[in-house]
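Some notes on the structure that comes next.
What you are looking at is a predicted structure, and each value in this text was computed from that prediction instead of being measured. A note on names: the letters A, B, ... follow the listed sequences, proteins ahead of strands, and every chain is numbered from 1. These numbers come from the heavy atoms of this one structure, side chains and all, not from hydrogens, waters or symmetry mates.
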There are 2 protein chains.
Amino acid sequence: MNSLPKPTKTELAILNIMWNISPATVRQIHEEIIKNGKTSYTTTLKMLQVMHQKGLVNRNSEHKAHIYEPTLSKKETQKQMLDDLKNRLFGGSISSLVIQALGSNEKTKPSEIDEIKALLAKVEDK
Amino acid sequence: MNSLPKPTKTELAILNIMWNISPATVRQIHEEIIKNGKTSYTTTLKMLQVMHQKGLVNRNSEHKAHIYEPTLSKKETQKQMLDDLKNRLFGGSISSLVIQALGSNEKTKPSEIDEIKALLAKVEDK
DNA sequence: TAGGTTTAACGAAGTTCCTCGTATATCATA
DNA sequence: TATGATATACGAGGAACTTCGTTAAACCTA
């Protein structure tokens with residue numbers, strides 16, 4: 001029963017920070033955000049309030065400074081967004097997506113190639 | 001020199017149709033669109049005008065009914081959007097994306113597995 | 001050529017997204 | 001307790017996106 005909306009561009013940037021440092025306060029998240037550009041504190045606050053409203057993040061309001069954390073893990077979000085892209089641009093075929101991704105590749109670490117091979121073998125077993 | 005904007009959700013739906021039937025008139029594209037839901041003709045027209053303005057589609061205005069076609073091929077767009085997702089959610093690592101995609105997989109055709117293997121071998125050779 | 005059809009152009013309105021200023025509450029401490 | 005610092009809440013405004021109605025031009029064809 002996962003009907004969370006897909007995060008927007010800005011929301012995803014915030015989630016990326018939160019997956020590193022959460023649980024965290026607005027202040028902590030904001031400090032990370034302003035390392036890559038100007039934004040006022042209230043903008044960060046408002047974004048988190050909206051994201052909470054959408055269910056993208058949970059918050060603990062026991063203390064004066066609320067504590068936020070993402071509802072979904074990074075991995076779950078990756079899966080969700082890959083699934084979305086797969087359906088919207090690859091005719092629902094994940095292998096078509098993978099083929100295209102590998103085709104436009106420059107360099108991949110040997111350890112990662114091994115990991116991909118292992119996964120392929122697993123998929124093949126079925 | 002590819003600074004085309006990323007197509008929006010609705011624009012991508014239109015592009016998917018165009019990759020099948022273009023070059024095509026607004027009327028032809030619209031006929032396809034209304035197979036999956038109600039939309040008025042002028043909405044389709046406006047979308048194509050905006051997409052032309054953005055450079056997402058080219059058009060030939062010699063005849064009364066203009067002829068449209070996508071600026072980028074489906075493959076090029078797939079590459080562009082995979083690249084975007086890779087940067088925004090996978091820390092710039094395409095192999096991380098591939099691993100995640102294969103991990104959340106249901107069933108893949110043997111022929112596709114072979115194709116992926118072949119690509120892997122090519123990547124590995126470098 | 002007059003009337004109906006098809007088309008493009010344009011602007012307006014509703015929605016979502018993002019940003020920020022202002023108001024208000026809470027807390028620490030001098 | 002009064003003052004300053006820090007926090008939340010709220011709403012307004014601009015930009016992008018999407019939809020559609022109205023108008024005008026181009027084109028059949030009777």
Side-chain angles (χ1 to χ4, degrees), chain A residues 3-18 21-69 77 81 84 88-89, chain B residues 3-18 21-69 77 81 84 88-89:
Chain A
S3 70
L4 293 184
K6 187 171 63 149
T8 66
K9 185 176 165 54
T10 305
E11 287 166 349
L12 191 56
I14 292 176
L15 286 172
N16 269 314
I17 287 171
M18 294 178 77
I21 68 170
S22 76
T25 63
V26 177
R27 176 65 58 189
Q28 289 171 313
I29 294 163
H30 181 65
E31 291 302 320
E32 290 300 314
I33 288 177
I34 60 180
K35 287 180 181 173
N36 308 328
K38 271 197 203 344
T39 315
S40 47
Y41 174 84
T42 51
T43 300
T44 303
L45 172 64
K46 180 68 158 190
M47 286 301 303
L48 284 165
Q49 287 171 340
V50 169
M51 290 167 79
H52 173 58
Q53 166 70 28
K54 291 181 177 179
L56 292 173
V57 298
N58 296 320
R59 82 174 170 193
N60 178 327
S61 317
E62 289 174 11
H63 307 290
K64 180 191 176 190
H66 301 175
I67 307 290
Y68 288 83
E69 65 185 341
T77 302
M81 295 197 67
D84 178 72
R88 294 195 297 118
L89 192 53
Chain B
S3 71
L4 292 183
K6 186 170 63 148
T8 66
K9 185 176 164 58
T10 306
E11 286 167 351
L12 191 57
I14 292 176
L15 285 172
N16 269 314
I17 288 171
M18 296 178 77
I21 68 170
S22 76
T25 64
V26 176
R27 176 67 56 190
Q28 290 171 313
I29 294 163
H30 182 64
E31 291 302 320
E32 290 299 314
I33 287 177
I34 60 180
K35 287 179 181 173
N36 307 328
K38 271 197 204 341
T39 315
S40 49
Y41 173 84
T42 51
T43 300
T44 303
L45 171 64
K46 180 68 160 190
M47 286 301 303
L48 283 164
Q49 288 171 341
V50 169
M51 289 167 79
H52 173 59
Q53 166 70 28
K54 291 182 179 180
L56 291 173
V57 298
N58 296 320
R59 81 176 171 192
N60 178 330
S61 317
E62 290 173 11
H63 307 290
K64 179 191 176 190
H66 300 174
I67 308 289
Y68 287 83
E69 65 184 343
T77 302
M81 293 196 67
D84 178 72
R88 292 194 300 117
L89 192 52

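- For the pair B/Tyr68/B/Val26, a side-chain contact is recorded, criterion being any heavy-atom separation below 4.5 Å from C-beta on.
- Between B/Leu45 and A/Met47, the one whose closest nucleotide on DNA chain C sits nearer the 5' end is B/Leu45.
- Atom NE2 in A/His52 sits about 18 Å away from atom P in D/dA7, given to the nearest Å.
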Pairs under 3.5 angstrom only: tabulate donor-acceptor contacts from the side chains of residues 37-51 of chain A to other protein residues two or more places apart or in another chain.
unit_1, atom_1, unit_2, atom_2, d
A/Ser40, OG, A/Thr43, OG1, 3.2
A/Thr44, OG1, A/His30, ND1, 2.7

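- With sequence neighbours excluded, no residue satisfies side chain to side chain donor-acceptor pair (under 3.5 Å) with B/Lys9.
- Using a 4.0 Å heavy-atom cutoff across all strands shown, A/Val50 reaches no nucleic acid atom at all.
- The footprint of chain A on DNA chain C, defined by a heavy-atom cutoff below 4.0 Å, extends from C/dC17 to C/dC27.
- Counting only distance, with no hydrogens or angles, the side chain of A/Asn16 and the backbone of B/Leu89 share no donor-acceptor pair below 3.5 Å.
- With a 4.5 Å cut-off on side-chain heavy atoms, B/His52 and B/Asn58 do not count as touching.
- For D/dA5, neither phosphate oxygen OP1 nor OP2 lies less than 4.0 angstrom from any side-chain nitrogen or oxygen of A/Arg27.
- Within the 4.0 angstrom heavy-atom criterion, no nucleotide atom of any strand lies near A/Lys38.
- For B/Thr8, the side chain to side chain donor-acceptor pair (under 3.5 Å) criterion is met by B/Glu11, not counting sequence neighbours.
- Residue B/Thr39 is in sugar-phosphate contact alone, with no base atom involved, counting any heavy-atom pair closer than 4.0 Å across all strands shown.
- To the nearest angstrom, P of D/dA7 lies 10 Å from NE2 of A/His30.
- Here the CD1-CD1 distance, from A/Ile33 to A/Ile17, works out to 4.5 Å after rounding to the nearest 0.5 Å.
- The distance between atom NE2 of A/His66 and atom C1' of D/dT6, rounded to the nearest whole Å, is 12 Å.
- In this entry the distance linking CD1 of B/Ile33 with C1' of D/dC20 reads 14 Å, nearest Å.
- For A/Leu48 and D/dC10, the CG to C1' distance is 16 Å, given to the nearest whole Å.
- The interatomic distance linking B/Met51 (CE) with D/dC17 (P) rounds to 12 Å, in whole Å.
- In this structure, A/Tyr41 reaches the bases: a heavy-atom distance under 4.0 Å links it to at least one base atom across the strands shown.
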Each nucleotide in nucleotides 21-27 of chain D should get exactly one letter: B, S or -. Can you fill that in based on protein heavy atoms under 4.0 Å? BB---BS
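- With rounding to whole Å, B/Leu56 atom CG is found 15 Å from D/dA16 atom P.
- Every residue two or more places apart in sequence or in another chain was checked for a side chain to side chain donor-acceptor pair (under 3.5 Å) with B/Arg27, and none qualifies.
- Scanning all heavy atoms of the two residues, the minimum distance from B/Gln28 to B/Pro23 falls at OE1-O, 4.4 Å.
- Distance CD (A/Gln53) to C1' (D/dC10): 13 Å, rounded to an integer number of Å.
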